[in-house]
S.K.: 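Sharing a structure below in structure tokens format, with a few things to ask.
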Amino acid sequence: MSDKIAYSREGDIAILTVRNPPVNALSHAVRQGLSDGMDQAEADDGVRAVLIVGEGRAFFAGADITEFGKPPLEPHLPDLINRIEASPLLVVASMHGVSLGGGLEVALGCHYRISVPSAKVGLPEVHLGLIPGAGGTQRLPRLTGVEAALDVMTTGRHIGAGKAHELGIIDVIKDGDPKANGIAYARQLLEEGVSRRPVSEMDPPAPIDWDAAFDTILAKGRGQISPAWCVRAVQAAVEKPFAEGLKAERQIFYDLMQTDQRQGMIHSFFSERAVGNLPELKDVNPRGIQHIGVIGGGTMGAGIATAALLAGLEVTMLEMSAEAGQAARDRIERNLSGAVKRGRITPKQHDQILTHTLVVVTNYDKLQDVDLVIEAVFEDMEVKKKVFAELDRVCKPGAILASNTSYLNIDEIAATTSRPSDVLGLHFFSPAHVMKLLEVVVGDKTAPDVTATGFALGKMLGKISVRAGVCDGFIGNRILATYRTAADQMILDGASPYEIDNALEDFGFAMGPFAVADLAGLDIGWAVRKRKRAEGNVPKRDATYADTLCEQGHFGQKTGKGYYDYAAGPKARVPNPDVLPMIEADRARLGITPRAFTHEEIVRRYMAAMVNESAKVVGEGIARRPLDVDMTLLFGYGFPRYRGGPLKWADIVGLEPLLNDIKSYAAEDPDFWAPAPLLEQLVAENKTFDDLNKKG
Ligand code: T1G
């Protein structure tokens, strides 16, 4: 038997203990070991029951995702689970940690299930572009009914043991050691003389309106298809005999395994874990962080302080006056009340944080004990330099000085201090206590342990941290500026902001670029355009309609009008009738005869610009790998997860056609559409961006 499964006996109970760290993934060796273990138990004289239990952190985390895309090896998981269920012995699962995907499916193939109170179960296959593929769509509805089963599968969320017990997934909840629990439970069942209880022999649940459910869930998926296909698999569970239903599930699973969406989502799964693993930080110890300072209590500063407070850190917030300090405290209080509403913290913790863990001061000298300080003041280099001079004066040796700037030069800021190696950028995204992306911007002189501390802080705050080099806009905002310019150029040539938003929302973005701009505030883009014009950086055809909109005081949702008119509420998406005449005036001024754009062309141009700039960002070393750009766009800019990010998407659609598009657009504007050298190199070498990811 494989070394992944240990066989032992407790009287008439055989125990199969799974040992496949870190999370007991159901690899080929584990599947083979379970199969051999069942054979051994059935051949072992005197054995009347089998206990399956995991060692380490989990029962099972599910099928081994690293095996996806490779030829599947027998025993296939569905067959193994059927084999377990068909055993003449009583089979008991004792669960702890997580039982996810195939892990829960193994438990469902057992006859009885016990778990510790802290255990969680789930069928998260939709997060991988799949559906449960080892009987979960057939067995779970027989225990919980159709609605509850579809909710578990289509959301992919983890369910606590209590809820799972309520739903009938878990039979008994008992604190203590999972193996001891399992043995005692199996013994009790044997003494009670209960019979085997194969879930597959239970009656199927009542049907629902399958087409309506499919359509509703498909619409919610914003282009992602696997959640809706759970409906069809459950429909087969209700309408067909178990064996036929299993075949239907397997076919849907296999078809989804071939999709680009499965490729994109598996790429996202592994990349969000890989992005924080930097070889250059291996064996580099971060500095200790317990008490941080935040300079500036505006939206960003209050959000950063909230994220740190929710992570259990002490926070000293500095504002310029008592009134500003109180306003900052009020913002933080509102954020924390939201966390209470979401069940993230209790009302008692809310009060505790505000009375003890958060201190608001107006004097820099109060920052002398902080381990790390983040400035989040006005985006002006002179203002920031003054702040850093003060921080350099008061903060203890070894304290890390970070800027939340979204584009200013970290090296220039660092040079104003006596400790440039202790300076880095920590670029949060608004709202900072909600958005998961954190760009860790590493300056020329930033010490490795300071970078490592930036990543350690990100992990403490539950962020996806991406290492960024120093340039205007770092990774995300630099790429955003390019694809937004491509959108503006399409508007000058004839497209409308509303067509572009619709095209990109059909592509899978939660919101198109103009709806996003209205949400973030049009004054932000206006300030960037003014800065770039002052630096002489003006697009060949300068769209001024957006400035006109801002000059009239229309900054988007916060002023009630922007590209859209929000009188009927943000969801109404009513175009602002003043916008198209401004665009027509721009076209007339530039002598442009507008032409029509299809959704397909809008997406191709928009994505070509995004991929081209992303390739430049990787080629220049601003982002370490293509997956770093993918994770930045996924976690900071709403890029659809099932496409894996712009560079994964590019690999899937093919780099050569993309490069050909870019070269054809370059005829209109050779500077803006200059092909990225890295993209040309990969096409010439017939390589993909993913090949660069593998180099690490
Ligand atoms: N297969 C292979 N490796 C896995 C894995 C898996 N299922 N789950 C985690 N890992 C690796 C992960 O890459 C990381 O590796 C390490 O374990 C720790 O993970 C037929 C087909 C279990 C909640 O989708 O949700 O079953 O980076 O850093 O934060 O129907 O991992 O250390 O080298 O995430 O404590 C369904 C996916 C599969 C669960 C633990 N199961 N995993 O979180 O640690 S499809 C899932 C998770 C399936 C069947 C179908 C989480 C976790 P490394 P981690 P964590």
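These numbers come from a predicted model, not from an experiment. We count ligands from 1, going down the list as the structure has it; atoms in each ligand are counted the same way. Scope of the values below: all heavy atoms of this structure, side chains included, with no hydrogens, waters or symmetry mates.
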S.K.: For ligand 1, which atoms sit closer than 4.0 Å to a heavy atom of F253?
M.R.: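 What qualifies from ligand 1 is 21 (C).
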
S.K.: Any idea which atoms of ligand 1 are less than 4.0 Å away from a heavy-atom of V23?
M.R.: 8 (N), 9 (C), 10 (N), 17 (O)

S.K.: Below 4.0 angstrom, counting only protein heavy atoms, does anything approach atom 1 (N) of ligand 1?
M.R.: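 It does; a protein heavy atom is within 4.0 Å.
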
S.K.: Any donor-acceptor pair under 3.5 Å linking the side-chain atoms of H28 with those of D64?
M.R.: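 The answer is no; no qualifying pair exists.
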
S.K.: Check for me whether H127 has a heavy atom closer than 4.0 Å to any atom of ligand 1.
M.R.: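 H127: no contact with ligand 1 (<4.0 Å).
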
S.K.: F455 ring centre to R467 NZ or CZ under 6.0 Å, with the angle to the axis within 45°?
M.R.: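 The answer is no, since R467 fails at least one limit relative to F455.
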
S.K.: Backbone, side chain, both or neither: what part of L128 comes under 4.0 angstrom of ligand 1, heavy atoms only?
M.R.: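 The answer is the side chain.
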
S.K.: At a 4.0 Å threshold, what atoms of ligand 1 neighbour a non-hydrogen atom of E105?
M.R.: 20 (C), 30 (O), 49 (C)

S.K.: Is the shortest distance from a Lys or Arg side-chain nitrogen in D651 or K648 to a carboxylate oxygen in the other one below 4.0 Å?
M.R.: no

S.K.: Would you check the N or O atoms of E125, main chain and side chain alike, for any that come under 3.5 Å of an N or O of ligand 1?
M.R.: yes

S.K.: Checking the side chain of S94 only, and the main-chain atoms of P178 only, is there a donor and an acceptor separated by less than 3.5 Å?
M.R.: yes

S.K.: Strictly inside 4.0 angstrom of atom 21 (C) of ligand 1, do you find any protein heavy atom?
M.R.: yes

S.K.: Which atoms from ligand 1 have a heavy atom of R57 less than 4.0 Å away?
M.R.: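 Ligand 1 atoms under the 4.0 Å threshold to R57: 35 (O), 40 (C), 44 (O), 55 (P).
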
S.K.: Please report whether atom 53 (P) of ligand 1 has a protein non-hydrogen atom at a separation of less than 4.0 Å.
M.R.: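 So far as the 4.0 Å threshold goes, atom 53 (P) of ligand 1 is out of reach of every protein heavy atom.
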
S.K.: What about G133: any of its N or O atoms under 3.5 Å from an N or O on ligand 1?
M.R.: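 Yes, there is a polar N/O contact under 3.5 Å.
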
S.K.: Are any of the heavy atoms in G136 under 4.0 Å away from ligand 1?
M.R.: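 No.
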
S.K.: Using the rule side chain to side chain donor-acceptor pair (under 3.5 Å), only one of N24, N20, T17 pairs with K4; which is it?
M.R.: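 It is N20, the one option of N24, N20, T17 that forms the side chain to side chain donor-acceptor pair (under 3.5 Å) with K4.
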
S.K.: Is there a donor-acceptor pair closer than 3.5 Å between any side-chain N or O of R232 and the backbone N or O of A228?
M.R.: no

S.K.: Applying a heavy-atom cut-off of 4.0 Å, say which part of I65 lies close to ligand 1: side chain, backbone, both or neither.
M.R.: both

S.K.: Looking only at atom types and distance, does a side-chain atom of R142 sit under 3.5 Å from a main-chain N or O of M202, one as donor and one as acceptor?
M.R.: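 Such a contact is found between R142 side chain and M202 backbone.
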
S.K.: Both conditions, 6.0 Å and 45 degrees, for the charged tip of R641 above the ring of F639: are they met here?
M.R.: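 No, R641 does not sit over the ring of F639.
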
S.K.: N/O of N277 under 3.5 Å from N/O of ligand 1, yes or no?
M.R.: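 In fact, backbone or side chain, N277 has no N or O that close.
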
S.K.: If you look at every heavy atom in I131 and S226, which pair is closest and at what distance?
M.R.: CG2-O, 3.5 Å

S.K.: So if I apply the side chain to side chain donor-acceptor pair (under 3.5 Å) rule between E85 and each of R139, R197, H111, which one comes out positive?
M.R.: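 So, applying the side chain to side chain donor-acceptor pair (under 3.5 Å) to E85 and each of R139, R197, H111, only R139 qualifies.
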
S.K.: Select one of side chain, backbone, both or neither to describe which atoms of F60 lie under 4.0 Å from any atom of ligand 1, heavy atoms only.
M.R.: neither

S.K.: With a cut-off of 4.0 Å, which atoms of ligand 1 are near a heavy atom of F270?
M.R.: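 This gives 13 (O) as the contact atoms.
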
S.K.: Counting heavy atoms only, which of A63, G97, G276 is nearest atom 7 (N) of ligand 1?
M.R.: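 Closest candidate by heavy-atom distance is A63.
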
S.K.: So which heavy atom in the protein is nearest atom 12 (C) of ligand 1, and how far is it from that ligand atom?
M.R.: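 That would be R273 CD, 3.9 Å.
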
S.K.: Would you say ligand 1 has an N or O under 3.5 Å from any N or O of T66?
M.R.: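 N/O-N/O distance under 3.5 Å: no.
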
S.K.: Salt bridge check: are E67 and K70 linked by an N-O gap of less than 4.0 Å?
M.R.: no

S.K.: Check R83 with D39, please: is the shortest side-chain N to carboxylate O separation under 4.0 Å?
M.R.: yes

S.K.: Heavy-atom distances under 4.0 Å are what count here, so tell me which part of A61 touches ligand 1: side chain, backbone, both or neither.
M.R.: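 Both backbone and side chain.
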
S.K.: Nearest non-hydrogen contact with atom 3 (N) of ligand 1 belongs to which option: V98, D64, I131?
M.R.: D64

S.K.: Mind checking whether P22 contacts ligand 1 via backbone (N, CA, C, O), side chain (CB onward), both or neither, at a 4.0 Å heavy-atom cut-off?
M.R.: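 For P22, the contact with ligand 1 is made by the side chain alone.
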
S.K.: Using a strict cut-off of 4.0 Å, indicate which atoms of ligand 1 neighbour a heavy atom of P132.
M.R.: 30 (O)

S.K.: With heavy atoms of P124 as the reference, note each atom of ligand 1 found under 4.0 Å away.
M.R.: 24 (O), 41 (N), 46 (C)

S.K.: Report yes or no: does S35 contribute a side-chain atom to a donor-acceptor pair with the main-chain N or O of R31 at less than 3.5 Å?
M.R.: no

S.K.: Using a 4.0 Å cut-off to any heavy atom of F68, which atoms of ligand 1 qualify?
M.R.: 21 (C), 45 (S)

S.K.: Answer yes when K240 and E249 have at least one side-chain N-carboxylate O distance shorter than 4.0 Å, and no when they do not.
M.R.: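 No, this pair does not count.
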
S.K.: Identify the closest protein heavy atom to atom 37 (C) of ligand 1: which residue and atom is it, and at what distance?
M.R.: F269 CE1, 3.5 Å

S.K.: Are R262 and Y642 in a cation-pi setup, meaning NZ or CZ lies under 6.0 angstrom from the ring centre and within 45 degrees of the ring axis?
M.R.: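 No cation-pi geometry.
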
S.K.: Is at least one protein non-hydrogen atom found at under 4.0 angstrom from atom 31 (O) of ligand 1?
M.R.: yes

S.K.: Could you tell me whether R287 and D449 make a salt bridge, using a distance below 4.0 angstrom between a side-chain N and a carboxylate O?
M.R.: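 A salt bridge is present here (some side-chain N lies under 4.0 Å from a carboxylate O).
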
